[in-house]
**Q** 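Let me give you the structure first, and then I'll get to my questions.
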Amino acid sequence: MMVHLRFRIARVNCPNCKAVKTGKVSWAAAGANFTHAFEERVAYLAQQSSKTAVTKLMRTTWRTVGRIIRRVVGRHLDAGPDR
């Protein structure tokens, strides 16, 4: 069973910089199209499986997997000594 989550993130016009800003959510990284939970699973599978298996199972491209891995590793490195 596949579940798709769609959420419209709040957008506001910033009067200082004249740009549109988007709100932050606790369950996804800024600019990411995936939740933290999905990204954690992809990163784990990339450690344990072949490139082909990960892309087929998670229905994504290997380039996307690479971007996800960079975000996951960055989050864990930022977690400090308890990582």
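This one's a predicted model, so the numbers in the text were calculated from it and none came from an experiment.
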**Q** Using distance alone, with no hydrogens and no angle criterion, decide if Arg75 and His36 have a side-chain donor and acceptor under 3.5 Å apart.
**A**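 Their side chains do contain a donor-acceptor pair, which is all the 3.5 Å distance test asks for.
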**Q** Do the side chain of Thr55 and the main chain of Thr52 share a donor and acceptor less than 3.5 angstrom apart?
**A**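 Yes, Thr55 side chain to Thr52 backbone: donor-acceptor pair under 3.5 Å.
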**Q** Considering all heavy atoms of both residues, which atom of Ala43 and which atom of Val72 are nearest to each other, and what is their separation?
**A**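 It is CB-CG1, 3.9 Å.
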**Q** With a 4.5 Å limit on heavy-atom distance, are the side chains of His76 and Glu40 in contact?
**A**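 In contact.
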**Q** Once side chain to side chain contact (heavy atoms under 4.5 Å, CB included) is applied, do any residues pair with Arg41, and if so which ones, sequence neighbours excluded?
**A**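 Only Leu45, Met58 meet the side chain to side chain contact (heavy atoms under 4.5 Å, CB included) criterion with Arg41.
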**Q** What's the separation between atom NZ in Lys56 and atom OG in Ser50, rounded to the nearest 0.5 Å?
**A**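 So the NZ of Lys56 and the OG of Ser50 are separated by 9.0 Å.
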**Q** Once rounded to the nearest 0.5 Å, what's the spacing between atom OG1 of Thr60 and atom CZ of Phe38?
**A**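 If we round to the nearest 0.5 Å, Thr60:OG1 and Phe38:CZ are 6.0 Å apart.
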**Q** State, to 0.1 Å, how close Ser49 and Val54 come at their nearest heavy-atom pair, and which atoms those are.
**A**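 Of all heavy-atom pairs spanning Ser49 and Val54, the closest is CB-CG2, 4.0 Å.
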**Q** Got a sec, which residues hit side-chain hydrogen bond (donor to acceptor under 3.5 Å, both in side chains) with Thr61, two or more places apart in sequence or on another chain?
**A**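 Partners of Thr61 by the side-chain hydrogen bond (donor to acceptor under 3.5 Å, both in side chains) criterion, ordered by chain and then number, come out as Thr64.
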